[in-house]
Amino acid sequence: MRTVAVVGASLAGLSAARSLRRRGYDGRLVLVGDEPHRPYDRPPLSKEFLAGTVGETDLALETDDEDLDAVWLLGTRAVALDPTTRAVRLADGREIRADGVVVATGAAARTLPGSEGLAGVHTLRTLDDARALRAELAPGVRLVVIGAGFVGAEVASTAHGLGLGVTVVEAAPTPLAGPLGAAMGAVVSGLHTDHGVRLLCGVGVKGLSGERRVTAVLLEDGRTVPADVVVAGVGARPCVSWLTGSGIALGDGVICSADGRTSLPGVVAAGDCADWYDPRAGRHRRVEHWTSARERADTAVAALLAGGAAQPGAPRPPYFWSDQYGVRIQFAGHAAGADSVTVEEGGAESRDVLAVYRRAGHPVAVLGMNRARLFTRWRRQLAAAS
């Protein structure tokens, strides 16, 4: 391969570029990013960066002495991929002809319908999002977080620590029931009420009020929640529309094999936009976790350089963590399909717990709250059994 284009310059894209060089690729390497920033770490955006305890330089993913000998095309997005030549066309009219392509375009935050042009309404996905939100968080401000997923919960925790009055609205009866199951989702989301944050569950959002700036959130049950600032944490959509017409199979992201290969030869995908096949589950899964973006980028690069000749191994069980109200929450595996969950150590009421999910008696997932050492042992067991 003379040229490899990595489309996406966040964690998955940077990890792919590093893997290419580490695996001996010495040809032309081009990285394309729609943001103007060099690769940065996203998890701190909702926590330390929002709280003001770390600055922008602390978010850098590249080391000071790192040199990938790459061409960086930042601040421009890919708009098309030619299936015949594998040429990547950019919004500014430029075209990159490549022998291999890594698709790592990530995902974009979903917005609230009707919020366009209304000041005080935010999403949190990018550094620019975090800058704008941080400027509005001041003691006494009334914040409403819509969506009690992990990003929404982290924003609520950070804002509470800054002295804001916080309300969290969640449409589902139990927050985090999807990734954690109903029982443990209730345990983790109980951190809100433990700290005096108002949590409203089982009610949807009808709309927002305000002319130029938001003044309240209108709920489906008729209640009105006053708001000076609103954060929508209602999920993300994979950034794959630019691949329409490329011949690449699309579903909930870029449909990939177990090693990241797409339906178009010479093109692989990794990160939040990639819908990888999971041989353990017998179906495709799109995993939006930091660790998966890093690990699967390397697997995809290996498949690209080998032309698909190498046999992929089963991916490690997905892992993610969250810091809320001073509690470190860690999870590995898949809760879906588990037929039991038991607390092995600690107590749910104290939010100091190690819980194991099992299917037919076999561990399939583990949750830890302030149980880092024991959690790590269980995570290793899950990986060894996969």
Connected to Ile255, directly or through other members, by ILVMFWY side-chain contacts below 4.5 Å are none
Of all heavy-atom pairs linking Ala130 and Leu50, the shortest is O-CD1, 4.0 Å
Arg283 and Asp278: CA distance, side-chain angles, deciding distance, salt bridge (Lys or Arg N to Asp or Glu O under 4.0 Å) verdict: CA-CA 6 Å; Arg283 63 182 181 88; Asp278 185 340; over 6 Å; no
Those residues at least two apart in sequence (or on a different chain) that pass salt bridge (charged side-chain N to carboxylate O under 4.0 Å, His left out) with Arg94 are Asp92
Thr158 (side chain) donor-acceptor with Ser46 (main chain) under 3.5 angstrom: yes
Check ion pair Arg213-Glu211 (N to O, under 4.0 angstrom): no
Quiz question: by atom type and distance under 3.5 Å, do the side chains of Ser350 and Asp352 form a donor-acceptor pair? no
Decide ring pair (Phe, Tyr, Trp, His ring centres under 6.0 Å) for Phe150 and Phe320; before the verdict, give the C-alpha distance in whole Å, the side-chain angles of both, and the deciding distance to 0.1 Å. CA-CA 10 Å; Phe150 285 104; Phe320 63 87; 4.9 Å; yes
Please determine whether the number of non-hydrogen atoms from other residues, nucleotides or ligands lying under 6.0 Å from atom CZ of Arg22 exceeds 12. yes
Tyr40 and Glu35 side chains, donor-acceptor separation under 3.5 Å: yes
His195 side chain to Leu191 backbone, donor-acceptor under 3.5 Å: yes
Sub-3.5 Å donor-acceptor pair from the side chain of Thr262 to the main-chain atoms of Leu264, do we have one? yes
With sequence neighbours left out, which residue pairs that include part of residues 144-154 fulfil the salt bridge (Lys or Arg N to Asp or Glu O under 4.0 Å) condition? Lys47-Glu154
Asp275 side-chain N/O to Arg285 backbone N/O, donor-acceptor pair under 3.5 Å: yes
More than 12 foreign heavy atoms under 6.0 Å from CZ of Arg97: is that the case here? no
Within a 6.0 Å radius of atom CZ on Arg77, are there more than 12 heavy atoms belonging to other residues, nucleotides or ligands? no
With clusters built from Ile, Leu, Val, Met, Phe, Trp and Tyr whose side-chain heavy atoms come within less than 4.5 Å, directly or transitively, what are the remaining members of the cluster of Leu218, listed by chain and number? none
List the atom pairs, donor and acceptor, that lie under 3.5 Å between side-chain atoms in residues 117-125 and the rest of the protein, sequence neighbours left out.
unit_1, atom_1, unit_2, atom_2, d
His122, NE2, Glu136, OE2, 2.5
Arg125, NE, Ala107, O, 3.1
Arg125, NH2, Asp272, OD2, 2.5

Less than 4.0 Å between a side-chain N and a carboxylate O, is that true for Asp298 and Arg23? yes
Evaluate the criterion ring pair (Phe, Tyr, Trp, His ring centres under 6.0 Å) for residue pair His334 and Tyr357; output intermediate values, then yes/no. CA-CA 8 Å; His334 294 287; Tyr357 299 70; over 10 Å; no
Donor-acceptor side-chain pairing of Thr126 and Asp128 below 3.5 angstrom: no
Which residues share a salt bridge (charged side-chain N to carboxylate O under 4.0 Å, His left out) with Glu345, sequence neighbours left out: none
For a 4.5 angstrom cut-off between non-hydrogen side-chain atoms, does Val287 reach Trp276? no
Inspect the contact between Arg358 and Asp339 and indicate whether a charged nitrogen and a carboxylate oxygen are less than 4.0 angstrom apart. no
